[in-house]
There are 2 protein chains.
Amino acid sequence: MDVSPLTLNRISVYLRCLRRLHEDGVSRISSQQLANKFHLSATQIRKDLTQLGGSGIRGVGYEVQPLIRRLTGALGLDQKHSLAVVGMGAMGSAFTRHIGFNHGSFQVAAGFDHDAAKIGQKVGDIVVKPTSAIGVVIPQLDIKIGIIAVPREAAQDLADRLVAAGTRSILNFAPVRLENSNGVHIRNVDVRIYLEELVFYLGADER
Amino acid sequence: MDVSPLTLNRISVYLRCLRRLHEDGVSRISSQQLANKFHLSATQIRKDLTQLGGSGIRGVGYEVQPLIRRLTGALGLDQKHSLAVVGMGAMGSAFTRHIGFNHGSFQVAAGFDHDAAKIGQKVGDIVVKPTSAIGVVIPQLDIKIGIIAVPREAAQDLADRLVAAGTRSILNFAPVRLENSNGVHIRNVDVRIYLEELVFYLGADER
DNA sequence: CCATGTGAACAAATTCACAGCA
DNA sequence: TGCTGTGAATTTGTTCACATGG
């Protein structure tokens, strides 16, 4: 299948909205109602949903629970996914706790750090391991998703080691564009870039 | 001026690259060299830079230091910006420490939490204040940028209170699309959405 | 001559408008 | 009738190709 990241991210949003509706006991909803309720675009919801094979009822709308199941399956969220966090500083441990607390399709299965003072310590449920263990632990636990939360200088090297060990996707918090060797999917999240964006629009009036 | 978020985020990236070059003693660079060195597109660099009023020298390239100054000014990074972090849980305090450590154009000037156990505690340089103090502290410190790092349910209310107190831009880590009342600029950062994206592309082969 | 800056071609994403079906 | 699903139109973003000028 061929879905753009933009569409995909919106699907995630829809899924969340639908789960909330389901909790509230709503069993059917039209694209228009969904759009109104969560400030989305009705046409776009329909376009996006039909990309995964539409399943609405003309004249009625969508059945909430079947649609949730459909999207959950399409995204691959019907299985548990193990994550490895590399870098157990402020970002890495916040991420670990964040995901750990939100029992969902994800669990942090391993945490690595370079710093001897952090190795052996517990963060949430996991014990921090040395980065030298990446090559052993990643294949052992069959981890396909890695989180890079280390300083800029170390990011590329650790990403390479994750990929060499079998990681197929990387969520990168370090402020570098990582070189994506062969089919590895990389998502960069750079908080400072977002702050800079906000600053620009702050001053946009004066320009 | 009228610059898209996409362009703007790339400008931030260029700025970083240029700062690294400057540190390495490079005083001139062509768009092509810049593109090669950091895996970017030369044409796009030029298009983006000319949006802020091009300043390259034909046949030569760009002067690194003047360009840094130019971009820094265009983004509004030549002044210090105070931030308020709302929600001092794992995410909020990680963010605070992250920005705090990286002395740049940003400083966390205030941190708020709802939880009595956290109020009065120090996170980095700042002392956590109750959310009830938002209305007083934000105008007092003239804070224009707020960070929302609270659970979903509380996010909209706190965003509203920030805006009412004078905040003009919000970086939102909570998993909700915040309603952006009048010209307030909102940037959503939702880690779980990015993880879900990665999962989808993991399984993309089998589909 | 060589790299910038830019109009024109192209591609991607969004929105519109409506045909088609429960 | 009322909503989905979708081709067509539009807008937005990227790449190409080259004229321009230091």
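Since the structure is predicted, the reported quantities are computational estimates derived from the model, not experimental observations. Proteins get letters first, then strands, A, B, ... in listed order; numbering begins at 1 in each. Basis for what follows: all heavy atoms, side chains included, without hydrogens, waters or symmetry-related copies.
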Original post:
What's the CG-C1' distance between B:Asp48 and C:dT4, to the nearest Å?
Top reply: 14 Å
Original post:
Distance-only, no hydrogens or angles: does the A:Ser30 side chain make a donor-acceptor pair with backbone N or O of A:Gln33 under 3.5 Å?
Top reply: yes
**OP:** Could you state the atom-to-atom distance from CG of B:Asn9 to P of D:dT12 in whole Å?
**Re:** 18 Å
Original post:
With a 4.0 Å cut-off on heavy atoms, is B:Ser4 in touch with a base, just the backbone sugar-phosphate, or nothing at all?
Top reply: sugar-phosphate
Subject >> N/O (side chain, B:Ser41) to phosphate O (OP1/OP2, D:dT15) under 4.0 Å >> reply: yes
Original post:
Under 6.0 Å from the CG atom of A:Asp78, do we count more than 12 heavy atoms belonging to anything else shown?
Top reply: yes
Subject >> Atom-to-atom span, CG of B:Leu40 to P of D:dT15 - whole angstrom >> reply: 11 Å
Original post:
Base, sugar-phosphate alone, or nothing: which one does B:Thr7 contact when heavy atoms must sit under 4.0 Å apart?
Top reply: nothing
Subject >> Ion pair check, A:Lys144 and A:Asp142, cut-off under 4.0 Å >> reply: yes
Original post:
Can you find a donor-acceptor N/O pair under 3.5 angstrom joining the side chain of B:Arg58 to the base of D:dT20?
Top reply: yes
Original post:
Given that A:Thr50 and B:Lys47 both sit by DNA chain D, which one's nearest nucleotide is further toward the 5' end?
Top reply: A:Thr50
Subject >> Nucleotide D:dC3, atom P - distance to CD1 of A:Ile29 in whole Å >> reply: 12 Å
**OP:** Report the distance from atom CD of B:Glu63 to atom C1' of D:dG22, rounded to the nearest whole Å.
**Re:** 12 Å
Original post:
So what does B:Arg28 touch, heavy atoms closer than 4.0 Å: a base, only the sugar-phosphate, or nothing?
Top reply: nothing
**OP:** Would you give the length of the straight line joining atom OG of A:Ser93 to atom CZ of B:Arg97, rounded to the nearest 0.5 angstrom?
**Re:** 8.0 Å
Subject >> Side-chain donor or acceptor of A:Asp24 paired with backbone N/O of A:Val26 under 3.5 Å >> reply: no
**OP:** Please tell me which of A:Arg46 and A:Leu6 maps to the more 5' nucleotide of DNA chain C, matching each residue to the nucleotide holding its nearest heavy atom.
**Re:** A:Leu6
Subject >> Between C:dG5 (C1') and B:Gln51 (CD): distance, integer Å >> reply: 12 Å
Original post:
Within the pair A:Tyr62 and D:dG5, is there a side-chain N or O less than 4.0 Å away from OP1 or OP2?
Top reply: yes
Subject >> Gap between atoms CD1 and C1', on B:Ile45 and D:dT14 respectively (whole Å) >> reply: 14 Å
**OP:** Specify the angle, to 10°, made by the local axes at the two ends of the helix from C:dC1-D:dG22 to C:dA22-D:dT1 when five pairs are taken at each end.
**Re:** 10°
Original post:
If you check every side-chain atom of A:Thr43, which of D:dT4, C:dA17, C:dT14 has the closest atom?
Top reply: C:dA17
Original post:
Is the closest basic N to carboxylate O distance between B:Arg16 and A:Asp190 below 4.0 Å?
Top reply: yes
Subject >> Any donor-acceptor N/O pair, B:Lys80 side chain to B:Gly104 backbone, under 3.5 Å >> reply: yes
Original post:
Between D:dC16 atom P and B:Gln44 atom CD, what is the distance in whole Å?
Top reply: 11 Å
